[in-house]
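First up is the structure itself, then whatever we jot down about it.
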Amino acid sequence: MSFGGKIYQKTWLRRSSASRKSPIEANLSPGFSHSPRLVRYLAATAFWAAIVPLPAQQRPADITELSLPDLLNTPISTASRFSQSSMEAPASVTVVTREQIQRSGYRTLADILRGVQGFYITYDRQYSYVGVRGFSNPGDYNTRILLMVDGHRLNDTIFEQAMVGTEFTIDVDLIDHVEITRGPASSLYGTNAVFGVINVITRKARDLNGVEAASDAGSFNTYRGRLSYGREIAGIQTLLSGTFYGSQGPKRLYYPEYDDPSTNNGMASHADDDQFIDLLATLSRRGLRFQAAYNAREKGDPTGAFGDVFNDRRNREADAHGYLDLRYERSIGNSSSLLVRTYFDRYMYDGKFVRQGDNGRVLNKDFGRGESFGMELQSTTRLRDRYRFVSGFEYRNDFRQEVTNYDVSPFASYLKYDHPTFVAAPYIESEIPLRGSFLLAPSIRVDYNPRVGWMTSPRLAFRFSQGDRDHFKLVFGQSFRSPNAYELYYYPAYTSSTLRAERNLAWEGNWDREFSRGFFLSTALYANRMRNFIVTNEASTLGFENEGKMDTAGLETTFQKKWLNGATAILGYSNTFQQLGDDGEGKINSPKHLGKLNASIPLRTKKVFATIDAQYIGRRATLAQNTVSPYTTLNFTLLGRDIFGRLDLSASLYNALDKTFYDPGAEQHRQDALRQDGRSFRVKLIWHGGGR
Amino acid sequence: MFRFGLHFDLRRPLAVWRVWQRMSIWIGVLGWLSLTPLRAVTVDAPGYDEYQLKAAFLFHFAQLTTWPASAFPSGDESFVICTVNGDPFDGSLEKTIGSKKVQGHSIKVAHVQRAAEAHSCQMVFIPALQRGEMSAMVNDLGNLPILTVGDDESFTQYGGMIAFRRENDRLRFDVNLGAITKSNLNVSSMLLSLARAVSTR
């Protein structure tokens, strides 16, 4: 397993008076919450149908024991390495490679996730929110996804937000690949790993082999520059990189909800600016690795959220996050290895907002400061080359969780607290091959934190193959999320002090088939049963309570084909056919249909690629019981490699059809739906000093 | 239908239809799964991933080749297998043969960007590239005692020593004996007899 990683979801919440959530009174009849039972039945049937024949497959443990004549007679298995590894994982995994990122012209991690099966992104011009398999509750700050960089948890300690837009810590160019694991993973990572884990793997120094420089320019006066260096210096693999980004954003944004002379007729002018810096250093030598990362991002808020004065450019939010991570890995004997890791994280949130007071406008400041350190110890043992046992212990101390909120003039302090906490968690994971191609992978983790006490998260995965072409997986697991510092303490008058952890019980069945070399079909059937999830207090619209309950179930299918000439195609469709919440909560911003298309073809030489990337998102309900229309966005990218010597050139057109589309707003917005950007472009140059 | 038990509201006929609609997907998938001939498991020869197999081939190539003493300068050097321009094995080279020994030397795997950085290797694996790039890489290695193995089936025509070739789902290899002897290497007759084609040019 990989280590670390918890999610940061930040919720900068401010006290606001203008929360205007409309009560949702969808009167759902009880029942229909039985899908887990059906899945259980399904799973049991498949289990017994499969386990009875127990095919005896003879395969020497060590392939080099085969003689050369034997090797000449050994067929190549049809599964490629790439998908093999994702088929072997005890969950449904998607890997997005650097190649796909470059060819598709993805600008942010959010862009990458838009193309991932079962995922969708909601953007409110402050942060990007990740929806997974029909769940993305407006007003949540990505707390049910765990985001990691090279195994280091990125969710901050106050809001526990997974930041995936321009607020993400790593420049997209430095991503080697992204591993997206769907389904519960609290049994490995603890809190926040409710619906999935996103692990971003960065590039290695030797991949750069010298200096690399990149620059791009795009619509809305958007510019980015990056300088990176990677090489072995005195035996140390060294990677250093820095990025600067600035965007003025659309000059004017029109929101009909503010169409009144007192609010500039609904026009937010020059208020959507965005800028960040990203810094990354990775030093590694043999089993030792040190990584330091820092990013700071500042964004203007044009939406007038939380009852702020609309069209005032002083409404801004800044997030900065930095960490140091030191790990040492070594093997002990032939069959064991040990990993020790220690880290320090610091997170800063600065919000400045203008409110209408009795005597004119008042500047309100909202600060969050989170600091933590932690350590992890993990040992992996292989027995007889077949059984694998991982056991570990993680301890993290969030020794600073400070939030301050005050008006500058006249001074009025609303909030000042610091509630440190800690997490201690032992975990075990194992892989037990049964007969033939059958494999059982149980894992369990027990978390203790003083806010919710002991939480146990089990997961059981069962995997088997039929021939070389069909691979099946059944996964059952329970995950949890503890209430975070923001939810517990930001609205002391409205939030009950007995806020409990939320739990999700998930079932999943996977079927992967390879029709021919490089041509796959992956199908997943899933069901989630969320209980006690934390929602905004119904009565007061401020504060939080454990009242949410939702059952979702769906089916997703992906076709993937790779041709030998380098062309690729991915076609995906998912249908969340059951979305049941006790009061309709869960159905907000939950599209039933999602469609994905990514096709890339090499032109003439293998140096130029034309790529089309398209997403369809079905109809979604909004908080005010309206709907936002389904939409399709089409993005085109032309990538040329080594065009002038070592220079790569890429040109992208996003939302090429200039489709007008909306994302549902959250409770802090007066807008029920927020209009998204139309057509935009980007031109990018990358110079590889070290060759390719 | 009994599964819906007491929660099921019989007063709403439409609900029956909706329940059926929901269930039909589950039933359909269940039927689909149960129709898949799970029991008819055909077990012919076990299959391996292409590059796992190629890694095992490299191991045998190393066993069946003799290097001049000059190829191991300080006597106790390890046997270095290099891949140029990325790692098409994606780590399986290390996994499959990384802990093995070749003629008393423990194997070390290195991934280098350019052929010019591979001069200290005993064996170099060159991925399928543009023809010009392949011959440039071979030229970069000159006549050093390095066994060059290529992923492209025409590799031997561009001066490479051993070229992998795929025939249906089996791997074959061609040998360019001329290039091998020019570099002061010696390959066993067994290797030559198993090759699909041996050229001397």
Side-chain angles (χ1 to χ4, degrees), chain A residues 29-35 37-39 41-42 45-46 49-50 52-53 55-60 62-64 66-69 71-82 84-85 206-207 209 334 436 466-468 470 472 509 511 517 523 525 553 555 575 577-578 605-606 690-692, chain B residues 3-9 12 15 18-19 21-23 25-26 29-30 33-34 36-53 55-57 59-60 63-64 85-86 89-92 96-97 99-100 111-114 130 166 168-173 190-191 194:
Chain A
S29 62
F32 304 154
S33 53
H34 303 68
S35 47
R37 207 190 294 176
L38 274 166
V39 182
Y41 174 55
L42 180 88
T45 314
V52 172
Q57 221 173 358
Q58 300 298 323
R59 231 174 122 151
D62 184 355
I63 185 176
T64 56
L66 294 173
S67 68
L68 201 48
L71 282 174
L72 287 166
N73 209 20
T74 305
I76 297 168
S77 118
T78 41
S80 79
R81 286 163 299 142
F82 179 80
Q84 186 86 343
S85 57
R206 67 160 181 261
D207 299 338
N209 194 30
N334 281 333
Q466 183 205 338
D468 283 331
D470 294 292
F472 299 90
W511 175 35
R517 194 174 156 69
T523 303
L525 186 63
L555 186 71
N575 184 324
F577 52 78
Q578 178 160 282
T605 62
K606 287 188 179 178
R692 190 175 286 292
Chain B
R3 295 201 160 269
F4 286 85
L6 293 174
H7 300 286
F8 182 52
D9 188 351
R12 295 171 57 204
R18 283 199 204 105
V19 170
Q21 269 192 321
R22 288 211 175 87
M23 285 193 64
I25 293 163
W26 295 95
V29 172
L30 190 63
L33 272 175
S34 60
T36 322
L38 282 169
R39 280 151 199 280
V41 179
T42 52
V43 187
D44 41 28
Y48 284 96
D49 171 46
E50 178 176 350
Y51 282 90
Q52 258 178 313
L53 267 177
F57 270 102
F59 177 65
H60 284 285
Q63 300 274 32
L64 298 173
N85 196 2
F89 292 88
D90 203 16
S92 67
T96 313
I97 60 173
S99 56
K100 304 278 165 197
H111 306 288
V112 299
Q113 283 300 318
R114 282 180 294 249
Q130 307 273 331
R166 212 176 144 146
N168 298 320
D169 61 345
R170 304 290 202 271
L171 281 176
R172 301 282 176 264
F173 60 91
M190 183 185 171
L191 186 74
L194 291 170

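Naming convention: chains lettered A, B, ... in sequence-line order (proteins, then strands); numbering from 1 in each chain.
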Subject >> Under 4.5 Å from a heavy atom of chain A, the part of Phe59(B) involved >> reply: side chain
Original post:
Do Leu68(A) and Gln63(B) pass the side-chain contact (heavy atoms from CB on, under 4.5 Å) test, and can you show the C-alpha distance, the side-chain angles, and the key distance before you say yes or no?
Top reply: CA-CA 10 Å; Leu68(A) 201 48; Gln63(B) 300 274 32; over 6 Å; no
Subject >> Thr96(B) to Thr64(A) - nearest heavy-atom pair and separation >> reply: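 Minimum heavy-atom contact is O-CG2, 4.0 Å.
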**OP:** Could you pull out the closest heavy-atom pair between His111(B) and Arg206(A), with the gap in Å?
**Re:**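 Looks like CD2-NH2, 4.1 Å.
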**OP:** Step by step, work out the side-chain contact (heavy atoms from CB on, under 4.5 Å) result for Arg172(B) and Leu72(A).
**Re:** CA-CA 6 Å; Arg172(B) 301 282 176 264; Leu72(A) 287 166; 3.8 Å; yes
Original post:
Is the backbone of Pro69(A) close enough, under 3.5 Å, to the side chain of His60(B) for a donor and an acceptor to pair up by distance?
Top reply: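 Not confirmed, His60(B) side chain does not pair with Pro69(A) backbone.
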